[in-house]
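Worksheet: the structure to be examined is printed underneath.
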Amino acid sequence: MVIGGGASGMACAVMLARKGVRVCVLERGERLGRKLSATGNGQGNVTNRFMGAEHYFSDDREKVARALARFSEEDTVRFLESMGGIFLPDARGRIYPCGRQASAVTDLFRRELSRLGVCVRTGTQVRELVCERDVFCARGEWGEEDASAAVLSAGGCAAPAFGTDGSAYSLAQGFGHTVVPCFPALVQLQTEPSLRGLKGVRVDANVRLLRGKEEIYATRGDVLFTENGVSGDAVFRVSSYANTGDLLLLDFLPDVSERRLSEAFDVGGDLLCIVGNGLARIIVKRAGGDWAKTLGLVKRFPLEVSGTSGFSNAQVTRGGIPLCETDEALMSRLQNGLYFTGEILNVDGECGGYNLQWAFTSAWLVAEGFVCN
Ligand SMILES: Cc1cc2nc3c(=O)[nH]c(=O)nc-3n(C[C@H](O)[C@H](O)[C@H](O)COP(=O)(O)OP(=O)(O)OC[C@H]3O[C@@H](n4cnc5c(N)ncnc54)[C@H](O)[C@@H]3O)c2cc1C
């Protein structure tokens, strides 16, 4: 039985069924793959051409590297295309279905599961999982289901609106597994000041993350001002590395040198024509008419990280079941026949398709290593 019908659970079920294994998927929601349908702003960024373990966080990154070497981004594309659809990268290496519709990817899975005769039970939240005399039994208000092996694919704590509220960790803890403390990742950052007046404004900026004097990470991309801080793809990438108290330095004109900016100011540069209305007002107010300060704020606007917007707004979970408690097929070292896939494990990736790649890679490891009794 596969517990959780999200990206990794559906993939694992398809891969197992193609091997001839009889599979049943237990999904607490009323539909399979609801989160998958929401990925990549609804466009489904399923993997990335620039793959590598350096894009992941885990207690065992080398194991992640070995896993990716066995089931790579190319394997993901081949696997997804084996169910229909065509997948292509954008200029930044992010791979999407050509139709740019994540729900169409979910539909590929639903169709393939049905074609393979996989039993799918929705509305079945597993509240208890036990193994007695080599038989796993999953129980809930809906009844119970028995199987010779169980795959825990129930996700983490991020985005509880999609059925993942962290309650599934207790199913693994029942077998003696530990849980590496969980934090929201790929999430909006709350900042001080919060620049509420800019809410809704989106800019293309260079973002540097500083801890004391040390630069921890730098990236370029969209920064979207929110009620309490900043969001957008550049911020999501930074959020993987950020701690409370770190400093964000935003360069609002990454393609313009300080010299050129200074020359524009020398001839009476109009900030409105340089950075746009909302930002100009805030920068002018802060700089108090001092052009050196104005220039500094355009190129290095400081925001202190005061927290994140929490699991409800996060895309993934940092933490989970440690990889070191599983073997190379992601089978539990504590309970024979119990496997893990996806985000429930202590693996999370950067923004850009890395988390779905882990969902598919981990699914393949389980299906490949699974031996029928
Ligand atoms: C808004 C959003 C956008 C994202 N965009 C991207 C993207 O573009 N690219 C990318 O790589 N990643 C993206 N991610 C992350 C990615 O979706 C997840 O990392 C991935 O779906 C994890 O797969 P999973 O199978 O481990 O868990 P999930 O897909 O979360 O599936 C877990 C399933 O288990 C079910 N479940 C939970 N507990 C139980 C239980 N006790 N009994 C039965 N069922 C249970 C849940 O209902 C859920 O359906 C995004 C995430 C979010 C929230």
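First listed ligand is number 1; within each ligand, the first listed atom is number 1.
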request  = Would you mind checking which non-hydrogen protein atom is closest to atom 18 (C) of ligand 1, with the distance to 0.1 Å?
outcome  = E343 OE1, 3.2 Å
request  = Verify whether one side chain among T76 and Q357 offers a donor that lies under 3.5 Å from an acceptor in the other.
outcome  = yes
query = Would you call the rings of H55 and Y354 parallel, tilted or perpendicular, where under 30° means parallel and over 60° means perpendicular?
reply = parallel
ask   = How close does the nearest protein non-hydrogen atom get to atom 30 (O) of ligand 1, and which residue and atom is it?
value = K35 NZ, 2.7 Å
query = Salt bridge or not for E27 and R34, using N-O below 4.0 Å?
reply = no
inquiry  = Students should be able to answer this: which protein heavy-atom is nearest to atom 8 (O) of ligand 1, and at what distance?
reply    = G40 N, 2.8 Å
message = Below 4.0 Å, non-hydrogen atoms only: which portion of Y354 touches ligand 1? Side chain, backbone, both or neither.
response = backbone
task = Could you tell me whether V316 approaches ligand 1 through its side chain, its backbone, both or neither, with non-hydrogen atoms closer than 4.0 Å?
result = side chain
remark   = ligand 1 atoms nearer than 4.0 angstrom to some heavy atom of G342 are 26 (O)
ask   = Is there a donor in the side chain of S58 and an acceptor in the side chain of K63, or the other way round, less than 3.5 Å apart?
value = no
ask   = What part of R28 sits under 4.0 Å from ligand 1 if we count only heavy atoms: the side chain, the backbone, both or neither?
value = both
ask   = Under 3.5 Å, N or O to N or O, is T164 touching ligand 1 that way?
value = no
ask   = Just going by heavy-atom distances, which of S153, G44, G353, S167 is nearest to atom 32 (C) of ligand 1?
value = S153
message = Would L356 count as being in polar contact with ligand 1, using the rule that some N or O on each side must be under 3.5 angstrom apart?
response = yes
query = Could a heavy atom of A158 be found less than 4.0 Å from some atom of ligand 1?
reply = no
ask   = How are the rings of F79 and F71 set relative to one another: parallel (under 30°), tilted (30 to 60°) or perpendicular (over 60°)?
value = perpendicular
query = Looking at atom 51 (C) of ligand 1, what's its closest protein heavy atom, distance included?
reply = Q315 O, 3.3 Å
task = Check side chain to side chain donor-acceptor pair (under 3.5 Å) between R260 and all other residues, then give those that pass, not counting sequence neighbours.
result = none
query = Within the structure, does V46 bring an N/O atom to less than 3.5 angstrom of an N/O atom in ligand 1?
reply = no
inquiry  = Looking only at protein heavy atoms, which one is nearest to atom 13 (C) of ligand 1, and what is the separation?
reply    = T39 CG2, 3.8 Å
Any donor-acceptor N or O pair under 3.5 Å, side chains S37, R31 = no
ask   = Are R111 and D107 close enough for a salt bridge, meaning some N to O gap below 4.0 Å?
value = no
Short N or O distance, Q125 and ligand 1, threshold 3.5 Å exclusive = no
Atom indices of ligand 1 within 4.0 angstrom of I3 heavy atoms, with elements = 42 (N), 43 (C)
ask   = Got a donor-acceptor contact below 3.5 angstrom from the R110 side chain to the L32 backbone?
value = yes
message = I need the full list of ring pair (Phe, Tyr, Trp, His ring centres under 6.0 Å) pairs touching residues 188-224, with sequence neighbours left out, sorted by first then second residue.
response = Y217-Y241
request  = May I ask you to identify the nearest protein heavy atom to atom 31 (O) of ligand 1, giving residue, atom name and distance to one decimal place in Å?
outcome  = G6 CA, 3.2 Å
ask   = What residue and atom, counting heavy atoms only, is the protein's closest point to atom 47 (O) of ligand 1, and at what distance?
value = E27 OE2, 2.6 Å
ask   = Can you check whether Q357 has an N/O within less than 3.5 Å of an N/O in ligand 1?
value = no
ask   = With a 3.5 Å cut-off and no angle check, do the side chains of S240 and E350 form a donor-acceptor pair?
value = no
task = Let me see the working for R49 and E73 under salt bridge (Lys or Arg N to Asp or Glu O under 4.0 Å), right down to the final yes or no.
result = CA-CA 7 Å; R49 268 185 63 206; E73 72 287 0; over 6 Å; no
query = Would you find more than 12 non-hydrogen atoms of other residues, nucleotides or ligands less than 6.0 Å from R22 atom CZ?
reply = no
Co-membership, hydrophobic cluster, residues F183 and L248, 4.5 Å side-chain = no
request  = Do me a favour and list the nearest non-hydrogen protein atom to atom 29 (O) of ligand 1 with residue, atom name and distance?
outcome  = A7 N, 3.4 Å
Location of contacts on A159 toward ligand 1, heavy atoms closer than 4.0 Å = side chain
task = Please verify whether a non-hydrogen atom of L26 lies at under 4.0 Å from ligand 1.
result = yes
Proximity of T124 to ligand 1 by residue part, where a heavy atom lies under 4.0 Å = backbone
